[in-house]
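Please read the structure below before turning to the comments.
Atoms within a ligand are numbered from 1 in the order they appear, just like the ligands themselves.
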Amino acid sequence: MKKILFYSAKSYEKEFFDLFNKNFGFELNYLETKLNKETSYLAKGYDGVCCFVHDILNKEVIKNFRGFGIDVVALRAAGYNNVDLKAAYENRIHILRVPRYSPYSVAEHTIAMILSLNRKIHKAYVRTRELNFEIDGLLGFDLYSKTAGVIGTGNIGKIVAKILKLGFDMQVLCYDSNPDYSWADNLKVKYVDLETIFVNSDIITLHCPLNKETYHILSEDAFNKMKKGVMIINTSRGGLIDTKELIKNLKNGKVGFAGLDVYEEEDEYFFEDFSTKGLTDDILARLLTFPNVLVTSHQAFFTKEALENIAYTTLKNFQDYFQNNRLENEICYFCGEIKNNCNKVNFGRCF
Ligand code: NAD
């Protein structure tokens, strides 16, 4: 029986993995601890490792895994910016992921953030609980006919654009390094350059991956170009926004609203309870003081359907690997970073 070690495991996901594993028959062992250089030694004796978004798969960890004879790591996530793909490729470790577990979960959370911030539902909830039924200070705006800029039109961005266009009748401007023009024509949305998005959008929502090109895509220069009062939504990755610049622009009123499901330095805090400990991160603490900022802790993916798909696909990825089947969900240095350069020989494996 193949033995798989899970890092960063939470009780709510174990339930789904144990249920689906009845059909796969692996030995699954769960650790709550995150993966890093020190904890990588715990994987000795395992056949495979399963990681989540805050687990660090850097060169040292990968070399340690290689030393233990582990040659497969499955991410139970879509994003893979926490993996040194080059090191994985050089050490012949296959990295698998779940590319499309439920784009609806993240897209719908994005819309929830837009509506909550605009209509100040988070403020109204607290007010009425305190028996304060006044509505001053809760003024919103109609989304109808306003302009939304969607950066990244993959699985999630496309659903967000569709809801904003067909659900709210907004003007939708899109930017993607690999645009899908026929999709845009059908939906009657337009691809434009980034500057046009910054200058014209009332709402800017981020749905591209974090990589060298997209790091701080919302920079000082980008904020300078934006409309006064713009709403920024980030359900993608924290590093897409220069948070210090965001705070500066919240303070001067350029940014009217920010909905953040992710944060640059989230690894230490998100998914953990700090209610009795407090924060040492002054930037996150400052963000939480703004009445027009809504922070959720990387929960956009968190629906029943998403957890079912994550559990099933992750276990299927391991099964395909161990049974020498075609690997549909492998990412490697070539597939992930140097696109269209993968020959996928050897049963669909990158190497
Ligand atoms: P996807 O791969 O389907 O789409 C990403 C899109 O971004 C693609 O169309 C790609 O061409 C585009 N892109 C790549 N580089 C770009 C660049 N430099 N500039 C503009 N566009 C670029 O991914 P997806 O499933 O839509 O997910 C998007 C992101 O959402 C993921 O990368 C992940 O970071 C994030 N995510 C967050 C959660 C959460 O719970 N908050 C859950 C899942 C995914």
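Between F271 and F52, the distance separating the two ring centers is shorter than 6.0 angstrom. Residues Y46 and F68 place their aromatic rings such that the two centres sit no closer than 6.0 Å. Taking the six-membered ring for Trp and the full ring otherwise, Y30 and F17 have centroids separated by 6.0 Å or more.
Counting heavy atoms under 4.0 Å from ligand 1, residue I156 touches it through both backbone and side chain. By the criterion of a heavy-atom distance under 4.0 Å, both the backbone and the side chain of D176 are placed next to ligand 1. With a 4.0 Å cut-off on non-hydrogen atoms, Y215 does not touch ligand 1 at all. By the criterion of a heavy-atom distance under 4.0 Å, the side chain of E213, and not its backbone, is placed next to ligand 1. At a heavy-atom distance under 4.0 Å, no atom of N81 approaches ligand 1.
A heavy-atom separation below 4.0 Å is not found between P103 and ligand 1.
Considering F302, Y101, F301, Y80 only, the shortest heavy-atom separation from atom 43 (C) of ligand 1 involves Y101. In this comparison of Q299, H298, R237, the heavy atom closest to atom 33 (C) of ligand 1 sits on R237.
Which parts of ligand 1 touch Y175 is read off a 4.0 Å heavy-atom cut-off, strictly below it: atoms 19 (N), 20 (C). Below 4.0 Å from some heavy atom of C208 lie the following atoms of ligand 1, by number and element: 7 (O), 21 (N), 22 (C). Those atoms of ligand 1 with a heavy atom of V106 less than 4.0 angstrom away are 38 (C), 42 (C), 43 (C).
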Practice task
I would like to know whether Y101 and T313 meet side chain to side chain contact (heavy atoms under 4.5 Å, CB included); could you show each step before the answer?
Solution key: CA-CA 8 Å; Y101 47 81; T313 308; 5.8 Å; no
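For ligand 1, none of its N or O atoms has an N or O atom of T214 under 3.5 Å away.
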